[in-house]
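Structure, as structure tokens:
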Amino acid sequence: MKPVSTIRKAVVAAVALAVGGTALAGCSTSGGGAADAKTVKLVSHDSFAISKSVLKEFERRSGYKVQMIKGGDAGKAVNQAVLTKDNPQGDVFFGIDNTLLSRGLDEGLFTPYKAKGLAGVPEQLQLDKAQHRVTPVDYGDTCVNYDKAYFARHHLAPPKSFDDLLKPAYKGLLVTENPATSSPGLAFQLGTVAEYGTKGKGGWQDYWKKLKANGVETVDGWEQAYYERFSGAGGGGGKGDKPLVVSYASSPPAEVMDKKPAPKEAPTGVATGTCFRQIEFAGLLKGAANEKGGKALLDFLISKEFQEDMPLQMFVNPALESAKVPELFTKYGQKIDDPKTVAPDEISKHREQWIKQWSSLVLK
């Protein structure tokens, strides 16, 4: 799911970096050079990852070598794709999410292509289903996480909703990220827009005034919030004193990964009423030098093989409905049944204005 640092990646994507997601082995990270019919170039944010064996199987079957061109976090990568759209860096772009999607579509970054296997992806994830300019690959949820040990020690029930975060019992306990510099921070702000609306008293701006009065702390990015300010990072050994942090629904499984013996439950939990859904897409870049290879790569990104490899590589959920989710997710994760959403065109229309308004309310 990133963020936008990663909505994952983030959206959801920052978690993948934090837990040391496997890097794409054996692939160049430099662009440029003459077009090669046997090479397909995948442009992405830094958090893209895949098992070496899965990559090699795609290359064996398709006959293409994959060259990776990583461009920083999701927002930076999208900006670069826009700047180079007349001479694209690669053939396929991965990592544009619903918070940035309208910008990519409005800029004409992608050539329509209906990927094989798309029928197995739920329609609610297909935000461009009329034209197929992008293919949904994964999704994740940005949510408030809580340190279970803290709340147990203080005999305090953890919050469940946005409204709960305004209660005096949680004063000074939450750290979040700046939406101008962080994907999860933007997703959390958009969650409040979806929850409270944009009109007058009782809208999202009114909510943030109250949240500020209740002692919310703001930092620039996810890593700082999670590893420096959150008390629950690293199984409860976090350096910070904040038992509430804006992170991901997949953060609790990440906390448990590779722990031996496996604990009965994750040390952190999710406030399920605070979640905003991020969907990540891939698309065939307009003007791609290897359009045929790009289409083969898009087909692969929603194949069962890649989709079942992806969760433990990037800590996101597969878009393909039939893909099996790893036990780590089902045992320690939290399924979000009713995440908040905002239409991509509304985000595109108001994103910069909303961020400026947020800054004037929270940072002044």
Side-chain angles (χ1 to χ4, degrees), residues 1-2 6 8-9 11-13 15-17 19-29 38-70 90-97 113-123 125-126 132 134-140 250 253-254 257-258 278-284 288 290-331 333:
M1 1 303 332
K2 289 63 37 144
T6 216
R8 229 91 114 34
K9 118 170 280 104
V11 97
V12 329
V15 174
L17 285 177
V19 299
T22 305
L24 192 61
C27 293
S28 168
T29 57
K38 294 297 183 181
T39 298
V40 58
K41 296 180 180 180
L42 176 62
V43 183
S44 79
H45 54 58
D46 284 348
S47 297
F48 181 85
I50 181 175
S51 294
K52 184 177 180 180
S53 60
V54 173
L55 172 66
K56 291 298 183 185
E57 182 59 20
F58 166 72
E59 292 184 334
R60 185 191 68 79
R61 287 203 313 255
S62 69
Y64 296 107
K65 283 286 185 182
V66 178
Q67 179 180 345
M68 279 298 304
I69 303 165
K70 294 190 175 185
D91 304 303
V92 170
F93 185 95
F94 166 82
I96 190 168
D97 66 29
Y113 173 64
K114 187 174 182 180
K116 295 175 183 176
L118 190 61
V121 175
E123 283 199 5
L125 300 181
Q126 298 186 41
H132 302 297
V134 290
T135 301
V137 176
D138 66 74
Y139 69 91
S250 57
M257 189 176 185
D258 296 330
Q278 289 178 291
I279 307 167
E280 281 194 306
F281 301 85
L284 182 66
N290 187 353
E291 188 169 299
K292 186 177 179 181
K295 291 177 179 179
L297 184 56
L298 283 172
D299 293 343
F300 169 67
L301 291 177
I302 56 169
S303 69
K304 196 168 185 178
E305 187 174 21
F306 177 81
Q307 290 279 302
E308 291 186 347
D309 179 64
M310 182 175 58
L312 294 183
Q313 300 299 323
M314 295 190 279
F315 276 79
V316 289
N317 298 292
L320 188 67
E321 201 161 26
S322 62
K324 185 178 180 182
V325 177
E327 184 184 10
L328 187 74
F329 273 45
T330 57
K331 183 175 181 180

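All residue numbers in this chain count up from 1 along the given sequence.
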### Message
When you measure from the side chain of Q307 to the backbone of L320, do you find a donor-acceptor pair of N or O atoms at a distance under 3.5 Å?
### Response
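At least one qualifying donor-acceptor pair exists.
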### Task
Mark yes or no for whether E59, through its side chain, and V66, through its backbone, hold a donor-acceptor pair below 3.5 Å.
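Looks like yes, one N/O pair under 3.5 Å.
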Over all atoms of both residues, closest heavy-atom pair of [X] and [Y]:
X	Y	value
V121	P136	CG1-CG, 3.7 Å
G283	L298	N-CD2, 3.9 Å
Q126	H132	OE1-CE1, 4.2 Å
L312	M257	O-CE, 4.0 Å
Q313	S51	NE2-OG, 2.9 Å
F306	V54	CA-CG1, 4.3 Å

### Query
Would a 4.5 Å heavy-atom cut-off, applied to side chains only, mark M68 and S44 as touching?
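The answer is yes, as the side chains (C-beta and beyond) meet within the 4.5 Å cut-off.
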#### Entry: Side chain to side chain, F300 and V40, heavy atoms closer than 4.5 Å
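No, their side chains stay 4.5 Å or more apart.
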As an exercise, state the distance from [atom1] of [X] to [atom2] of [Y], rounded to the nearest 0.5 Å.
X	Y	atom1	atom2	answer
Y64	L42	OH	CG	14.5 Å
E280	M310	CD	CE	8.5 Å
L284	N290	CG	CG	9.5 Å
R60	S53	CZ	OG	12.0 Å
K116	I302	NZ	CD1	11.0 Å
F48	I69	CZ	CD1	13.0 Å

### Task
Answer yes or no: does atom NZ of K292 have more than 12 heavy-atom neighbours from other residues, nucleotides or ligands under 6.0 Å?
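Atom NZ in K292 is not crowded, with 12 or fewer foreign heavy atoms closer than 6.0 Å.
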### Task
Applying side-chain contact (heavy atoms from CB on, under 4.5 Å) between Y113 and each of V134, D299, T135, report the one that passes.
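Option passing the side-chain contact (heavy atoms from CB on, under 4.5 Å) with Y113: D299.
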### Task
Mind running side-chain contact (heavy atoms from CB on, under 4.5 Å) on L297 and F58 for me, showing each step along the way?
CA-CA 8 Å; L297 184 56; F58 166 72; 4.0 Å; yes
### Task
Would you please test F329 and F315 for ring pair (Phe, Tyr, Trp, His ring centres under 6.0 Å) and show each step?
CA-CA 9 Å; F329 273 45; F315 276 79; 5.7 Å; yes
